[in-house]
Amino acid sequence: NEILGEQCKAQLDAEFGEGKSTFIQCDVTHGDALRDAFQRTVDQFGQLDIAINNAGINNEKNWEKTIQVNLTSVIKGTYLALEHMSKEYGKIGGTIINVSSMAAFLHSPHQPVYTATKHGVIGFTRAIADASLQGDYGVRINVLCPAFVDTPLLHTVEDEDNMGKFVKFKDDFKRSMNKFGVLQPSLIAEGMMRLIMDNSLNGAVMKITCSKGIHFHTYEPMSA
Ligand SMILES: NC(=O)C1=CN([C@@H]2O[C@H](COP(=O)(O)OP(=O)(O)OC[C@H]3O[C@@H](n4cnc5c(N)ncnc54)[C@H](O)[C@@H]3O)[C@@H](O)[C@H]2O)C=CC1
Ligand SMILES: CC/C=C\C[C@H](O)/C=C/C=C\C=C\C=C\C(=O)[C@@H](O)C/C=C\CCC(=O)O
(Lines give C-alpha, C1' and ligand atoms only; values in the text may rest on other atoms or scores of the structure.)
(Ligands and ions follow the chains in the order given, each with its own letter.)
Protein backbone atom coordinates (compact mmCIF):
# COMPACT_ATOMS: atom_id res chain seq x y z
CA ASN A 1 0.00 0.00 0.00
CA GLU A 2 2.12 2.86 -1.35
CA ILE A 3 0.10 5.67 0.21
CA LEU A 4 0.23 4.22 3.74
CA GLY A 5 3.81 3.08 3.24
CA GLU A 6 5.04 6.55 2.29
CA GLN A 7 3.04 8.09 5.15
CA CYS A 8 4.66 5.65 7.58
CA LYS A 9 8.13 6.49 6.23
CA ALA A 10 7.46 10.20 6.65
CA GLN A 11 6.47 9.60 10.30
CA LEU A 12 9.63 7.57 10.90
CA ASP A 13 11.81 10.18 9.19
CA ALA A 14 10.31 12.88 11.43
CA GLU A 15 10.92 10.77 14.55
CA PHE A 16 14.28 9.18 13.76
CA GLY A 17 15.77 11.35 11.00
CA GLU A 18 16.16 10.87 7.26
CA GLY A 19 17.86 7.73 6.03
CA LYS A 20 16.84 5.56 8.99
CA SER A 21 14.01 3.85 7.09
CA THR A 22 12.86 3.05 3.59
CA PHE A 23 9.57 2.02 2.01
CA ILE A 24 9.71 -0.50 -0.85
CA GLN A 25 6.40 -1.26 -2.51
CA CYS A 26 6.17 -4.97 -3.34
CA ASP A 27 3.52 -7.57 -4.08
CA VAL A 28 4.66 -10.46 -1.89
CA THR A 29 3.18 -12.95 -4.37
CA HIS A 30 5.73 -11.79 -6.98
CA GLY A 31 8.75 -13.86 -5.93
CA ASP A 32 11.37 -11.82 -7.81
CA ALA A 33 10.00 -8.54 -6.41
CA LEU A 34 10.04 -9.96 -2.88
CA ARG A 35 13.63 -11.17 -3.30
CA ASP A 36 14.55 -7.71 -4.67
CA ALA A 37 12.92 -5.96 -1.70
CA PHE A 38 15.03 -8.00 0.74
CA GLN A 39 18.20 -7.36 -1.27
CA ARG A 40 17.59 -3.60 -1.55
CA THR A 41 17.02 -3.47 2.22
CA VAL A 42 20.31 -5.24 2.95
CA ASP A 43 22.13 -3.09 0.34
CA GLN A 44 20.87 0.06 2.10
CA PHE A 45 21.26 -0.96 5.76
CA GLY A 46 24.10 -3.49 5.60
CA GLN A 47 22.36 -6.49 7.18
CA LEU A 48 18.96 -7.95 8.08
CA ASP A 49 18.18 -8.43 11.79
CA ILE A 50 14.39 -8.68 11.96
CA ALA A 51 11.77 -9.82 9.41
CA ILE A 52 8.01 -9.81 9.99
CA ASN A 53 5.86 -11.64 7.41
CA ASN A 54 2.62 -9.79 8.04
CA ALA A 55 0.84 -9.32 4.68
CA GLY A 56 -2.54 -11.03 4.65
CA ILE A 57 -5.90 -10.97 2.93
CA ASN A 58 -9.35 -12.39 3.51
CA ASN A 59 -10.81 -13.60 0.21
CA GLU A 60 -12.87 -16.76 0.14
CA LYS A 61 -13.93 -15.96 -3.43
CA ASN A 62 -10.41 -15.80 -4.84
CA TRP A 63 -9.20 -18.38 -2.34
CA GLU A 64 -6.14 -19.29 -4.38
CA LYS A 65 -4.92 -15.70 -3.91
CA THR A 66 -5.53 -16.03 -0.16
CA ILE A 67 -3.24 -19.08 -0.07
CA GLN A 68 -0.61 -17.24 -2.16
CA VAL A 69 -0.52 -14.18 0.13
CA ASN A 70 -1.22 -15.68 3.57
CA LEU A 71 0.83 -18.89 3.35
CA THR A 72 3.03 -19.26 0.25
CA SER A 73 4.44 -15.73 0.61
CA VAL A 74 5.03 -16.22 4.35
CA ILE A 75 7.07 -19.33 3.54
CA LYS A 76 8.94 -17.49 0.77
CA GLY A 77 9.54 -14.48 3.04
CA THR A 78 10.90 -16.76 5.76
CA TYR A 79 13.32 -18.47 3.35
CA LEU A 80 14.45 -15.13 1.91
CA ALA A 81 15.03 -13.75 5.42
CA LEU A 82 17.08 -16.86 6.29
CA GLU A 83 19.29 -16.22 3.24
CA HIS A 84 20.22 -12.88 4.81
CA MET A 85 20.32 -14.00 8.46
CA SER A 86 21.25 -17.67 8.83
CA LYS A 87 24.72 -18.91 9.76
CA GLU A 88 24.18 -21.58 7.07
CA TYR A 89 24.62 -18.67 4.62
CA GLY A 90 27.53 -17.20 6.59
CA LYS A 91 25.34 -14.52 8.19
CA ILE A 92 25.18 -13.48 11.86
CA GLY A 93 21.65 -14.54 12.89
CA GLY A 94 18.40 -12.66 13.48
CA THR A 95 14.73 -13.13 14.25
CA ILE A 96 11.61 -13.73 12.16
CA ILE A 97 7.94 -13.28 13.11
CA ASN A 98 5.16 -14.84 11.03
CA VAL A 99 1.60 -13.60 11.51
CA SER A 100 -1.15 -16.19 11.90
CA SER A 101 -4.48 -15.68 13.71
CA MET A 102 -6.70 -16.94 16.48
CA ALA A 103 -8.71 -18.30 13.55
CA ALA A 104 -6.26 -21.21 13.85
CA PHE A 105 -7.68 -22.00 17.31
CA LEU A 106 -11.28 -20.93 16.97
CA HIS A 107 -12.07 -21.62 13.33
CA SER A 108 -14.86 -19.83 11.54
CA PRO A 109 -17.04 -21.87 9.13
CA HIS A 110 -17.26 -18.72 7.06
CA GLN A 111 -13.53 -18.51 6.30
CA PRO A 112 -12.41 -22.06 5.48
CA VAL A 113 -9.42 -21.11 3.32
CA TYR A 114 -8.31 -18.15 5.48
CA THR A 115 -8.45 -20.56 8.45
CA ALA A 116 -6.40 -23.15 6.56
CA THR A 117 -3.69 -20.60 5.73
CA LYS A 118 -3.41 -19.49 9.35
CA HIS A 119 -3.13 -23.08 10.55
CA GLY A 120 -0.41 -23.55 7.92
CA VAL A 121 1.55 -20.53 9.15
CA ILE A 122 1.68 -22.02 12.65
CA GLY A 123 2.72 -25.47 11.46
CA PHE A 124 5.40 -24.13 9.11
CA THR A 125 6.79 -21.70 11.69
CA ARG A 126 7.06 -24.30 14.46
CA ALA A 127 8.77 -26.73 12.07
CA ILE A 128 11.26 -24.25 10.57
CA ALA A 129 12.03 -22.97 14.09
CA ASP A 130 13.04 -26.52 15.05
CA ALA A 131 15.11 -26.77 11.86
CA SER A 132 16.84 -23.51 12.80
CA LEU A 133 17.64 -24.82 16.29
CA GLN A 134 18.87 -28.22 15.09
CA GLY A 135 20.75 -26.67 12.16
CA ASP A 136 22.31 -23.90 14.28
CA TYR A 137 21.03 -21.17 11.94
CA GLY A 138 21.25 -18.60 14.74
CA VAL A 139 17.74 -17.40 13.84
CA ARG A 140 14.72 -17.35 16.19
CA ILE A 141 11.41 -17.85 14.38
CA ASN A 142 8.07 -17.33 16.15
CA VAL A 143 4.39 -16.93 15.24
CA LEU A 144 1.85 -14.37 16.45
CA CYS A 145 -1.91 -15.13 16.57
CA PRO A 146 -4.10 -12.09 17.17
CA ALA A 147 -7.84 -12.27 17.76
CA PHE A 148 -9.99 -9.61 16.05
CA VAL A 149 -8.04 -6.36 15.50
CA ASP A 150 -9.43 -2.96 14.48
CA THR A 151 -7.96 -2.75 10.96
CA PRO A 152 -9.44 -2.56 7.44
CA LEU A 153 -9.14 -6.34 7.09
CA LEU A 154 -11.83 -6.84 9.72
CA HIS A 155 -14.38 -4.98 7.64
CA THR A 156 -13.95 -7.26 4.63
CA VAL A 157 -16.22 -9.80 6.33
CA GLU A 158 -19.13 -7.63 5.16
CA ASP A 159 -18.05 -7.61 1.49
CA GLU A 160 -19.40 -10.14 -0.99
CA ASP A 161 -16.30 -9.54 -3.12
CA ASN A 162 -14.24 -11.00 -0.27
CA MET A 163 -16.57 -13.47 1.36
CA GLY A 164 -18.47 -14.81 -1.66
CA LYS A 165 -21.33 -17.10 -0.56
CA PHE A 166 -20.18 -16.81 3.08
CA VAL A 167 -21.14 -13.13 3.25
CA LYS A 168 -24.61 -14.23 4.44
CA PHE A 169 -22.97 -15.19 7.72
CA LYS A 170 -21.64 -11.68 8.40
CA ASP A 171 -23.92 -11.27 11.41
CA ASP A 172 -22.24 -14.30 13.00
CA PHE A 173 -18.94 -12.41 12.70
CA LYS A 174 -20.42 -9.38 14.40
CA ARG A 175 -21.67 -11.62 17.22
CA SER A 176 -18.17 -13.10 17.58
CA MET A 177 -16.58 -9.65 17.66
CA ASN A 178 -19.06 -8.57 20.32
CA LYS A 179 -18.35 -11.75 22.29
CA PHE A 180 -14.54 -11.73 22.02
CA GLY A 181 -13.91 -8.01 21.64
CA VAL A 182 -11.74 -6.13 19.16
CA LEU A 183 -8.07 -5.40 19.87
CA GLN A 184 -6.11 -2.29 18.98
CA PRO A 185 -3.05 -2.65 16.67
CA SER A 186 -0.84 -1.15 19.40
CA LEU A 187 -1.22 -4.34 21.48
CA ILE A 188 -0.17 -6.44 18.48
CA ALA A 189 2.92 -4.23 18.13
CA GLU A 190 3.65 -4.81 21.83
CA GLY A 191 3.47 -8.56 21.25
CA MET A 192 5.84 -8.28 18.29
CA MET A 193 8.35 -6.30 20.38
CA ARG A 194 8.22 -9.03 23.02
CA LEU A 195 8.96 -11.73 20.42
CA ILE A 196 11.84 -9.60 19.10
CA MET A 197 13.37 -8.78 22.49
CA ASP A 198 13.02 -12.13 24.30
CA ASN A 199 15.98 -14.20 23.07
CA SER A 200 14.60 -17.28 24.83
CA LEU A 201 11.70 -17.55 22.35
CA ASN A 202 11.99 -19.82 19.32
CA GLY A 203 9.04 -21.77 17.89
CA ALA A 204 6.73 -19.91 20.28
CA VAL A 205 3.03 -19.47 19.43
CA MET A 206 1.94 -16.12 20.88
CA LYS A 207 -1.80 -15.51 21.21
CA ILE A 208 -3.27 -12.05 21.76
CA THR A 209 -6.90 -11.81 22.89
CA CYS A 210 -9.09 -9.33 24.75
CA SER A 211 -9.74 -11.88 27.50
CA LYS A 212 -6.14 -12.95 28.20
CA GLY A 213 -4.01 -10.28 26.55
CA ILE A 214 -0.57 -11.46 25.38
CA HIS A 215 -0.05 -15.14 26.23
CA PHE A 216 1.37 -18.31 24.70
CA HIS A 217 -0.20 -21.52 23.43
CA THR A 218 1.22 -24.63 25.06
CA TYR A 219 1.34 -28.00 23.31
CA GLU A 220 1.32 -31.41 24.97
CA PRO A 221 4.83 -32.89 24.70
CA MET A 222 4.99 -35.49 21.90
CA SER A 223 4.89 -38.95 23.44
CA ALA A 224 6.36 -42.01 21.69
N1 LIG B 1 -7.46 -7.62 11.60
C2 LIG B 1 -7.68 -8.77 12.24
O3 LIG B 1 -8.74 -9.00 12.87
C4 LIG B 1 -6.62 -9.82 12.25
C5 LIG B 1 -5.58 -9.81 11.33
N6 LIG B 1 -4.65 -10.82 11.36
C7 LIG B 1 -3.57 -10.84 10.39
O8 LIG B 1 -2.77 -9.66 10.55
C9 LIG B 1 -2.06 -9.41 9.33
C10 LIG B 1 -2.17 -7.94 8.98
O11 LIG B 1 -3.54 -7.70 8.66
P12 LIG B 1 -4.29 -6.36 9.12
O13 LIG B 1 -3.29 -5.32 9.49
O14 LIG B 1 -5.34 -6.75 10.09
O15 LIG B 1 -5.03 -6.00 7.77
P16 LIG B 1 -4.84 -4.80 6.76
O17 LIG B 1 -5.69 -5.13 5.60
O18 LIG B 1 -5.00 -3.52 7.47
O19 LIG B 1 -3.29 -4.91 6.35
C20 LIG B 1 -2.87 -5.90 5.47
C21 LIG B 1 -1.65 -5.36 4.77
O22 LIG B 1 -1.18 -6.37 3.89
C23 LIG B 1 -0.87 -5.76 2.66
N24 LIG B 1 -1.00 -6.73 1.57
C25 LIG B 1 -2.08 -7.44 1.21
N26 LIG B 1 -1.80 -8.20 0.13
C27 LIG B 1 -0.50 -7.95 -0.19
C28 LIG B 1 0.38 -8.40 -1.19
N29 LIG B 1 -0.02 -9.29 -2.12
N30 LIG B 1 1.64 -7.92 -1.21
C31 LIG B 1 2.05 -7.03 -0.29
N32 LIG B 1 1.28 -6.54 0.70
C33 LIG B 1 0.01 -7.01 0.73
C34 LIG B 1 -1.89 -4.63 2.51
O35 LIG B 1 -1.38 -3.64 1.63
C36 LIG B 1 -1.98 -4.12 3.95
O37 LIG B 1 -1.00 -3.14 4.19
C38 LIG B 1 -2.68 -10.35 8.28
O39 LIG B 1 -1.84 -11.47 8.09
C40 LIG B 1 -3.99 -10.81 8.95
O41 LIG B 1 -4.43 -12.08 8.51
C42 LIG B 1 -4.70 -11.87 12.26
C43 LIG B 1 -5.72 -11.90 13.18
C44 LIG B 1 -6.72 -10.86 13.28
C1 LIG C 1 -11.06 -11.09 7.80
C2 LIG C 1 -10.87 -10.78 9.19
C3 LIG C 1 -11.55 -11.81 9.99
C4 LIG C 1 -11.00 -12.36 11.02
C5 LIG C 1 -9.68 -11.90 11.47
C6 LIG C 1 -9.01 -12.91 12.34
O7 LIG C 1 -7.92 -13.46 11.64
C8 LIG C 1 -9.89 -14.03 12.78
C9 LIG C 1 -10.10 -14.27 14.09
C10 LIG C 1 -10.93 -15.44 14.42
C11 LIG C 1 -11.24 -15.81 15.67
C12 LIG C 1 -10.97 -15.02 16.86
C13 LIG C 1 -11.14 -15.68 18.06
C14 LIG C 1 -10.92 -14.99 19.33
C15 LIG C 1 -10.91 -15.77 20.46
C16 LIG C 1 -10.68 -15.15 21.76
O17 LIG C 1 -10.60 -13.94 21.89
C18 LIG C 1 -10.54 -16.08 22.96
O19 LIG C 1 -10.73 -15.34 24.15
C20 LIG C 1 -11.53 -17.21 22.91
C21 LIG C 1 -11.19 -18.26 23.95
C22 LIG C 1 -10.43 -19.33 23.66
C23 LIG C 1 -9.86 -19.55 22.28
C24 LIG C 1 -9.28 -20.96 22.19
C25 LIG C 1 -7.81 -21.01 22.60
O26 LIG C 1 -7.28 -20.00 23.14
O27 LIG C 1 -7.20 -22.03 22.32
Side-chain angles (χ1 to χ4, degrees), residues 1 4-24 26 28 34 37-38 41-42 44-56 69-70 73-75 77-82 84-86 91-105 118 121-122 124-126 128-130 132-133 137-154 180-219:
N1 184 321
L4 290 180
E6 291 297 355
Q7 284 175 0
C8 183
K9 173 170 169 47
Q11 288 169 2
L12 291 169
D13 287 352
E15 186 172 355
F16 299 104
E18 299 277 342
K20 293 285 190 179
S21 69
T22 188
F23 170 70
I24 302 170
C26 162
V28 295
L34 187 59
F38 274 88
T41 301
V42 172
Q44 179 167 350
F45 295 104
Q47 66 189 54
L48 185 66
D49 303 291
I50 303 162
I52 301 178
N53 292 299
N54 180 59
V69 176
N70 295 13
S73 301
V74 168
I75 294 168
T78 301
Y79 284 151
L80 285 168
L82 286 171
H84 292 285
M85 290 180 177
S86 173
K91 307 300 180 186
I92 60 169
T95 187
I96 301 169
I97 298 172
N98 292 331
V99 179
S100 174
S101 164
M102 281 299 294
F105 295 97
K118 296 307 185 177
V121 169
I122 292 175
F124 168 74
T125 303
R126 294 184 71 217
I128 195 68
D130 276 1
S132 179
L133 180 64
Y137 294 177
V139 182
R140 297 185 299 107
I141 312 167
N142 297 291
V143 58
L144 190 151
C145 307
F148 300 113
V149 189
D150 183 17
T151 70
L153 184 79
L154 205 51
F180 296 127
V182 178
L183 300 157
Q184 287 305 308
S186 54
L187 187 61
I188 312 311
E190 188 181 324
M192 288 186 178
M193 286 307 294
R194 191 148 151 206
L195 290 172
I196 291 166
M197 303 300 283
D198 186 341
N199 289 325
S200 71
L201 297 174
N202 181 51
V205 179
M206 177 183 277
K207 297 157 118 174
I208 305 180
T209 64
C210 292
S211 56
K212 296 182 184 175
I214 297 172
H215 60 296
F216 292 89
H217 189 74
T218 53
Y219 292 86

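- At least one donor-acceptor pair closer than 3.5 Å links the side chain of N142 to the backbone N or O of G203.
- Under the 6.0 Å cut-off for aromatic ring centres, Y79 and F38 do not qualify, their centroids lying 6.0 Å or more apart.
- With hydrogens and angles left out, the side-chain atoms of S132 and N202 include no donor and acceptor closer than 3.5 Å.
- In this structure, the separation between CD1 on I141 and CG on N98 is 7.5 Å, given to the nearest 0.5 Å.
- Side-chain contact between M192 and L195: absent, with no pair of heavy atoms (C-beta onward) separated by less than 4.5 Å.
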Working for side-chain contact (heavy atoms from CB on, under 4.5 Å), residues F105 and T209: CA-CA 12 Å; F105 295 97; T209 64; over 6 Å; no
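- Closest approach of A37 to I24, counting heavy atoms only: O-CD1, 3.6 Å.
- Note that CG of L48 and CG of L80 are 10.0 Å apart. Values are rounded to the nearest 0.5 Å.
- Taking OH of Y137 as the start and NZ of K91 as the end, the distance is 15.5 Å to the nearest 0.5 Å.
- Across all their heavy atoms, R194 and L201 have their closest contact at O-CD1, 4.2 Å.
- Between V99 and P146 the shortest heavy-atom distance is CG1-CD, 4.4 Å.
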Test side-chain contact (heavy atoms from CB on, under 4.5 Å) applied to F180 and M102, step by step: CA-CA 11 Å; F180 296 127; M102 281 299 294; over 6 Å; no
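- In this structure, CD1 on I122 lies 10.0 Å from CG on L144, to the nearest 0.5 angstrom.
- A side-chain donor-acceptor contact under 3.5 Å links T95 to the backbone of R140.
- Rounding to the nearest 0.5 Å gives a distance of 12.5 Å between CD of Q47 and OG1 of T41.
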Candidate pair F16 and S21, rule side-chain contact (heavy atoms from CB on, under 4.5 Å), full reasoning: CA-CA 9 Å; F16 299 104; S21 69; over 6 Å; no
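- Counting only distance, with no hydrogens or angles, the side chain of K207 and the backbone of A147 share no donor-acceptor pair below 3.5 Å.
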Derivation of the side-chain contact (heavy atoms from CB on, under 4.5 Å) call for V149 and I208: CA-CA 10 Å; V149 189; I208 305 180; over 6 Å; no
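- Under a 4.0 Å N-O distance rule, the pair D13/K9 qualifies as a salt bridge.
- What you find for A55 and V28 is that their closest heavy atoms are CB-CG2, 4.2 Å.
- Going from atom CD1 of I92 over to atom CG of D49 covers 6.0 Å, rounded to the nearest 0.5 Å.
- Residue S100 forms a side chain to side chain contact (heavy atoms under 4.5 Å, CB included) with just one option from V121, T125, V74, and that option is V121.
- Between T22 and F45, the closest side-chain pair of non-hydrogen atoms falls below 4.5 Å.
- Here the side chains of I96 and I128 are not in contact, with every heavy-atom distance at 4.5 Å or above.
- Between L183 and C210 the shortest side-chain heavy-atom distance falls below 4.5 Å.
- Contact record, G56 with L153: O-CD1, 4.0 Å, taken as the closest heavy-atom pair.
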